[in-house]
Number of protein chains: 2
Amino acid sequence: MSTPDPVHPTSVRLRVFSLNCWGIRYLSKHCARRYAMIGDLLAKEQYDVVLLQEVWSEKDFDALRKKLASSLPFGHYFKSGVIGSGLAIFSKHRIQDTFRYRYSLNGYPYMLNHGDWFGGKAVGMAVLNIGDTTAHFYVTHLHAEYSREKDSYLPHRVVQAWELQHFIRYTSAEADLVVLAGDFNMHPTDLGTRLLRTYADLRDAYVETPKFDGCEDGGTMIAENPNNDMAPPEKGLRIDYILFKGSSRLELHCESMSTTKGSVPDHAFPYSDHEALTAELRLDRVPQDGVSQDGSKGMGPLARGSDRTAAKLAELVDIVTEARTEVKVGLHCAQGMCYTAARTGVMGLVLLLLELAIAAVPWLALGAPGPFPSVSFYLLGALCFLILLTTALLYLFYTMEIKSLQEAEDQMRQAVGCLQERLRGFPLASPGPPRLGPPGKERRPGGVGPEE
Amino acid sequence: MSTPDPVHPTSVRLRVFSLNCWGIRYLSKHCARRYAMIGDLLAKEQYDVVLLQEVWSEKDFDALRKKLASSLPFGHYFKSGVIGSGLAIFSKHRIQDTFRYRYSLNGYPYMLNHGDWFGGKAVGMAVLNIGDTTAHFYVTHLHAEYSREKDSYLPHRVVQAWELQHFIRYTSAEADLVVLAGDFNMHPTDLGTRLLRTYADLRDAYVETPKFDGCEDGGTMIAENPNNDMAPPEKGLRIDYILFKGSSRLELHCESMSTTKGSVPDHAFPYSDHEALTAELRLDRVPQDGVSQDGSKGMGPLARGSDRTAAKLAELVDIVTEARTEVKVGLHCAQGMCYTAARTGVMGLVLLLLELAIAAVPWLALGAPGPFPSVSFYLLGALCFLILLTTALLYLFYTMEIKSLQEAEDQMRQAVGCLQERLRGFPLASPGPPRLGPPGKERRPGGVGPEE
């Protein structure tokens with residue numbers, strides 16, 4: 001935290017840093033040397049909280065931790081999946097508690113060239129007490145976008161964004177201060193980003209800051225970065241974010257923001273293939289009489305006493321409906337793949353049984369010559385068996401994918417129903433019986449049926 | 001909800017029902033007829049919220065939903081895993097929102113005879129507005145205990161209980177009323193039950209109620225139940241629960257509780273192999289001036305202004321330490337299994353290469369007779385291949401299990417550290433810099449190092 005400032009003497013400042021470290025050992029270019037550079041930077045700069053992504057090896061986390069023992073003494077590495085989640089947090093303030101939500105969907109295990117599935121992508125949460133302020137920091141990394149035109153992972157990423165907003169909305173109710181940082185792999189106007197910002201009431205540091213020093217349009221994947229082999233467009237892409245919100249007890253402002261610009265002075269290569277983000281946040285405590293009576297603090301449109309405008313509700317309905325459509329497209333694909341796996345499996349089984357039957361005939365006829373030369377017989381048998389096994393595993397996988405997509409779609413349908421009811425001016429209340437609060441908010445009988 | 005009562009005229013009553021339905025189509029005895037009986041019961045009795053487990057088929061949920069369209073018009077089925085989570089909720093009050101957390105660990109996919117892994121066990125959450133009360137209902141089903149003496153799933157169940165308390169603690173901060181019901185597969189004094197009750201501040205309806213009508217010692221798995229083939233001890237086991245907590249805005253009391261007793265009048269068999277639980281809760285709103293200034297409401301020992309006694313903190317330290325030990329035992333086993341899988345895989349690979357080398361010699365020597373008869377050659381090759389594939393899958397699985405166990409252990413270590421610091425009377429604050437609240441709560445420099 002920087003020193004108190006004469007204009008806002010009671011304010012506190014927090015410096016938050018976020019970087020996708022591109023830390024695939026032996027595969028990422030200059031991995032070890034880049035980690036050394038990152039460690040030097042973090043040790044030198046006075047950050048309060050550092051949120052890292054793609055720290056794929058725990059050894060690298062441990063090395064960073066050792067290096068940062070005095071400047072950022074508290075840290076946590078979120079373990080998940082086969083390789084790990086890649087998510088890490090370092091903090092100057094003691095980490096009180098951590099929690100992790102692993103996304104239901106995260107690509108396909110057989111897409112070895114993409115490998116996202118093995119990462120066990122998740123959102124990590126760390127609870128910090130900064131003075132009397134309860135701060136919840138979230139770090140995440142969503143599924144990569146390998147092709148903008150034909151993005152087969154879009155439904156997965158949308159479900160990840162859906163689960164992320166849900167997780168943040170519900171777990172941040174007690175927090176005075178919420179910060180979410182990470183590599184979303186989504187552009188600022190993409191569906192998932194809008195969903196996240198609007199539903200979880202998060203503000204974009206890049207949009208909010210009056211003082212920005214960084215790449216054009218806030219790009220974090222830029223052509224000038226020599227590590228970057230994804231060939232982003234000339235103007236760069238903004239896919240890494242620092243989002244935040246305050247509460248009724250704490251006002252939050254982004255005073256300045258900066259990104260690295262594709263190169264590091266005195267070094268031959270930059271820290272990563274992404275640019276690093278730094279945001280300076282100013283925290284102003286709201287006098288205690290400003291606390292709302294019901295304690296609601298921006299839990300989204302479902303919070304009691306929420307003063308969301310109809311326009312914002314309508315926007316949310318549109319966004320969630322769009323997300324639902326995307327999930328339905330994914331569901332359609334997954335169902336097709338599941339059906340194909342089942343059909344291929346049945347064909348493999350029929351072929352295997354047929355082969356066994358053909359082999360059994362001469363065997364039963366005792367000693368007659370086999371209809372197959374033995375090599376092709378065994379090879380065919382092995383092939384059938386392999387088909388059966390593979391399709392069985394795929395069938396299992398697609399069934400789980402379908403279940404997760406259906407769950408997200410159900411939740412979205414429910415959310416749209418509730419949002420629309422609010423929009424129509426219906427009070428959201430239970431049918432008939434006595435209530436705890438003041439009367440007069442009866443639900444019109446038969447007005448809304450069960451949400452199906 | 002029942003009618004207002006003369007003693008507590010402003011109180012509201014909620015009737016909550018929970019049942020493990022044992023709904024495995026074609027395998028569970030009298031499955032269809034039992035569902036019909038359950039449907040009749042739910043349609044007849046005036047329940048507010050019904051929380052079901054082991055509804056393995058969505059078709060059965062849909063049939064129940066149709067039957068309960070007028071009495072319990074709102075419902076949600078939580079989809080997860082290969083088969084589903086088995087979790088369902090029906091409500092008289094509109095369901096505003098649902099969310100689901102799938103446990104990181106849930107048995108082993110190759111334990112087909114147990115099959116828990118395929119269920120994708122989770123905790124489902126439903127947000128209800130009951131008048132002005134925001135109520136969060138949670139339904140869950142933890143991994144079964146197949147052998148009390150040699151319970152190889154204990155670390156998994158402990159991690160599930162750990163994640164469950166974490167999930168409830170953080171997602172219930174805005175709720176006036178929290179109810180958790182389900183089949184925990186744990187006895188009242190088991191580690192997981194204690195962890196859940198103590199850390200998430202939940203009260204046990206069976207313990208709290210002044211009026212109980214049901215089996216001896218609250219048993220929910222009893223020898224008298226003819227569906228029950230698990231042979232519970234004569235006195236029965238209490239493994240199904242309804243837990244609850246209120247908030248600073250709402251006092252909650254369990255007025256009465258009942259369970260079924262192994263048989264149903266006019267029917268040849270009971271509803272399930274478990275007994276059904278019904279709790280009647282009384283809700284009393286606390287006058288608004290009773291709201292604590294900081295808005296903290298039993299978020300556990302990490303809540304601001306928590307007035308937990310040292311005794312309770314010490315108890316928590318003991319419980320979490322015990323849980324950590326259990327997780328460590330699980331970790332040790334998982335690491336052993338992972339090592340065995342790797343070693344067997346390498347042996348399979350060596351054998352395969354050896355066989356190929358032996359086969360290659362005569363092949364290279366053009367036309368010399370093969371050292372193997374072809375049948376055994378191909379069979380051995382197929383076996384080696386199968387070993388390789390199986391061990392690779394097992395290796396992947398155990399690696400993920402280890403990651404999840406390590407994450408839980410890390411979180412527990414962190415929690416114990418924070419709890420112990422509170423116990424020692426250290427205020428939990430950040431090192432040095434300016435703070436938002438009143439001063440005087442400085443952390444003793446060097447008092448506590450990074451939590452490792």
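When reading the values below, keep in mind they use all heavy atoms of this one structure, side chains included, and skip hydrogens, waters and symmetry mates.
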(Q) Please identify, among Thr399(A), Thr98(A), Ile83(A), the residue contributing the most non-hydrogen atom pairs under 4.5 Å to chain B. (A) Thr98(A)
(Q) Taking the basic N atoms (NZ, or NE/NH1/NH2) and the acidic carboxylate oxygens, is any pair closer than 4.0 Å for Arg94(B) and Glu421(A)? (A) yes
Q: Output yes when a side-chain donor or acceptor of Thr133(A) lies under 3.5 Å from a complementary backbone atom of Ala135(A), and no otherwise.
A: no
Q: Mind ranking Tyr101(B), Phe99(B), Phe78(B), Tyr395(B) by heavy-atom pairs under 4.5 Å with chain A and telling me who comes out on top?
A: Phe99(B)
(Q) Between Arg13(B) and Asp48(B), does any side-chain N to carboxylate O distance fall below 4.0 Å? (A) no
Q) At a heavy-atom separation under 4.5 Å, does Tyr77(B) approach chain A through its side chain, its backbone, both, or neither? A) backbone
Q) Between Asp62(A) and Arg65(A), does at least one N-O distance fall below 4.0 Å, as a salt bridge requires? A) no
Q: Go through the side-chain N and O atoms of Tyr138(A) and Ser172(A) and say whether any donor and acceptor fall under 3.5 Å apart.
A: no
Q: Counting only heavy atoms closer than 4.5 Å, note whether Phe385(B) contacts chain A via side chain, backbone, both or neither.
A: side chain
Q | Atom group of Leu405(B) that falls short of 4.5 Å from chain A, counting heavy atoms | A | neither
Q. Charged N to carboxylate O under 4.0 angstrom, Arg285(B) versus Asp132(B)?
A. no
Q. Under a 4.5 Å heavy-atom cut-off, does chain A meet the side chain of Glu401(B), its backbone, both or neither?
A. neither
**Q.** Contact class of Leu389(A) relative to chain B, heavy atoms under 4.5 angstrom
**A.** side chain
Q) Is it true that the NZ or CZ of Arg169(A) lies under 6.0 Å from the centre of Tyr199(A)'s six-membered ring and within 45 degrees of the ring axis? A) yes
Q.
Taking every non-hydrogen pair under 4.5 Å, which of Met125(A), Glu58(A), Arg102(A) racks up the most with chain B?
A. Met125(A)
Q. With respect to chain B, which residue among Ala415(A), Ser404(A), Gly81(A) yields the maximal number of heavy-atom pairs within a distance under 4.5 Å?
A. Gly81(A)
Q) Counting distance only, does the side-chain N/O of Asp176(A) pair as donor-acceptor with the main-chain N or O of Thr134(A) below 3.5 Å? A) yes
Q) Checking heavy atoms, do the side chain of Phe167(A), its backbone, both or neither come under 4.5 Å from chain B? A) both
Q: Under 4.5 Å heavy-atom distance to chain A, tell me which part of Ile402(B) shows up: side chain, backbone, both or neither.
A: neither
